[in-house]
J.: 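Structure provided below as structure tokens; questions to follow.
We use all heavy atoms of the structure for the numbers below, so side chains are in, but hydrogens, waters and symmetry mates are not. Quantities reported herein were computed from a predicted structural model and do not represent experimental measurements.
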Amino acid sequence: MNGGEAVIHMEHVWTCFGEAVVHRDINLTLRQGEILSLMGTSGCGKTLLMREMIGLHTPTKGRVELFGVALADAGESQRQQLRNRCGMLFQSGALFSALNVFDNIAFPLREQRFLDEELISYLVRLKLAMVGLKPGDALLMPAELSGGMVRRAALARALIMEPELVFLDEPTSGLDPVLSEEFVHLLSELHQELGFTVVMITHDLNTLYELGSSVAVIADHGLAAHGSIEDVLRSEHPFVHRFFHGQRARLIFKETA
């Protein structure tokens with residue numbers, strides 16, 4: 001962990017729906033420039049926890065701070081200002097099928113009523129180059145893109161507002177091993193170059209190993225393990241041990257264990 005300012009701070013967070021408990025006493029802090037990988041079984045509440053981090057869902061109990069602001073104390077206008085400092089890469093890209101690549105990337109700017117089209121064009125072309133797409137790709141429709149191109153276009157859209165905090169939901173899901181490796185390398189380069197903070201939901205151990213500076217594993221409604229990869233590998237929790245000490249995991253983490 002580095003000593004940067006806290007970008008996200010969650011303290012004694014509980015999430016309940018009636019009698020059903022999703023999260024129990026979650027405590028974690030993510031500091032500026034870190035990458036946090038959220039892991040756990042399907043349905044354990046990873047996406048819901050991410051929504052709570054950005055103020056799109058209010059937990060039943062506990063305190064959530066984003067950029068040092070307690071979300072429960074912030075009005076909707078202030079919450080939106082905080083969200084504007086964030087970018088989101090949705091699972092499978094989630095490009096708007098009726099818009100071409102250019103208009104998909106420009107969408108967040110226009111949504112914020114950024115009306116200087118000449119500057120929008122410049123920023124979109126800049127982000128296209130940044131993610132390794134060609135100028136001509138801006139005119140393509142999402143249906144004309146390969147899986148890797150969809151992810152790159154979606155990443156350009158997530159970065160168009162120059163976010164300080166980027167949320168990645170299964171960024172390599174559905175990509176073949178070569179495209180996945182290329183995309184992870186791109187993410188790593190951009191993270192080092194731009195210095196943004198990352199929260200990433202992933203099940204992919206290779207992505208975790210290449211990108212993750214810290215890991216939070218959700219199991220049994222709470223944080224079963226939280227810390228560096230080395231810390232998580234030492235966990236005795238049954239789910240964590242099974243997930244991180246299987247045959248494939250041992251091959252990936254053999255230098256760490």
J.: Okay, side chain of Thr41, backbone of Cys44: is any donor-acceptor separation there less than 3.5 Å?
T.: no
J.: Would you indicate whether the side-chain heavy atoms of Leu190 and Leu187 approach each other to under 4.5 Å?
T.: no
J.: Suppose we screen for salt bridge (charged side-chain N to carboxylate O under 4.0 Å, His left out). Which residues come up paired with Glu210, at least two apart in sequence or across chains?
T.: none
J.: Donor-acceptor check, side chain of His23 to backbone of Thr15, threshold 3.5 angstrom: yes or no?
T.: no
J.: Is there a path of hydrophobic side-chain contacts, each under 4.5 Å between heavy atoms of I/L/V/M/F/W/Y residues, joining Val215 to Ile201?
T.: no
J.: Between Lys46 and Asp169, does any side-chain N to carboxylate O distance fall below 4.0 Å?
T.: no
J.: Tell me whether Arg79 contacts the main-chain N or O of Leu71 through its side chain, where contact means a donor paired with an acceptor under 3.5 Å.
T.: yes
J.: Provide the full list of salt bridge (charged side-chain N to carboxylate O under 4.0 Å, His left out) pairs with a residue in residues 175-199, sequence neighbours left out, each pair given once.
T.: none
J.: Check whether the side chains of Thr207 and Thr172 place a donor and an acceptor atom closer than 3.5 Å, and report yes or no.
T.: yes
J.: So, do Thr29 and Met10 sit near enough that their side-chain heavy atoms are less than 4.5 Å apart?
T.: no
J.: Can you sort out the partners of Asp220 under side chain to side chain contact (heavy atoms under 4.5 Å, CB included), two or more places apart, ordered by chain and number?
T.: His237
J.: Taking Val101's backbone N and O only, do any of them form a donor-acceptor pair with Arg157's side chain (distance below 3.5 Å, no angle check)?
T.: no
J.: Show every ring pair (Phe, Tyr, Trp, His ring centres under 6.0 Å) that has at least one partner inside residues 76-103, sequence neighbours left out.
T.: Phe96-Phe107
J.: Taking the side chain as C-beta and beyond, is there a heavy-atom pair between Ile8 and Leu165 under 4.5 Å?
T.: yes
J.: Is there a donor-acceptor contact under 3.5 Å from the side chain of Asn104 to the main chain of Leu99?
T.: yes
J.: With a 4.5 Å heavy-atom cut-off, do Asp25 and Val13 have their side chains touching?
T.: no
J.: Using a 6.0 Å cut-off, check whether atom CD of Glu76 has over 12 heavy atoms from anything other than its own residue.
T.: yes
J.: Sequence neighbours left out, what passes ring-ring contact (aromatic ring centres under 6.0 Å, His included) with His57? Give chain and number order.
T.: Phe17
J.: Any chance the side chains of Glu52 and Thr58 put a donor and an acceptor closer than 3.5 Å?
T.: no
J.: Between Asp231 and Arg234, does any side-chain N to carboxylate O distance fall below 4.0 Å?
T.: yes
J.: Does Trp14 offer a backbone N or O that forms a donor-acceptor pair with the side chain of Arg24 under 3.5 Å?
T.: no
J.: Applying salt bridge (charged side-chain N to carboxylate O under 4.0 Å, His left out), name anything that partners Glu144, two or more places apart in sequence or on another chain.
T.: none
J.: Donor-acceptor pair, distance only, cut-off 3.5 Å: does the side chain of Gln112 make one with the backbone of Leu109?
T.: no
J.: For the pair Glu170 and Arg151, evaluate salt bridge (charged side-chain N to carboxylate O under 4.0 Å, His left out) and give the outcome as yes or no after the intermediate values.
T.: CA-CA 11 Å; Glu170 297 282 4; Arg151 258 5 116 78; over 6 Å; no
J.: A cation-pi test, strictly: NZ or CZ of Arg85 under 6.0 Å from the centre of the six-membered ring of Phe67 and no more than 45 degrees from its axis. Yes or no?
T.: yes
J.: Do Ser235 side-chain atoms and Val240 backbone N/O form a donor-acceptor pair below 3.5 Å?
T.: no
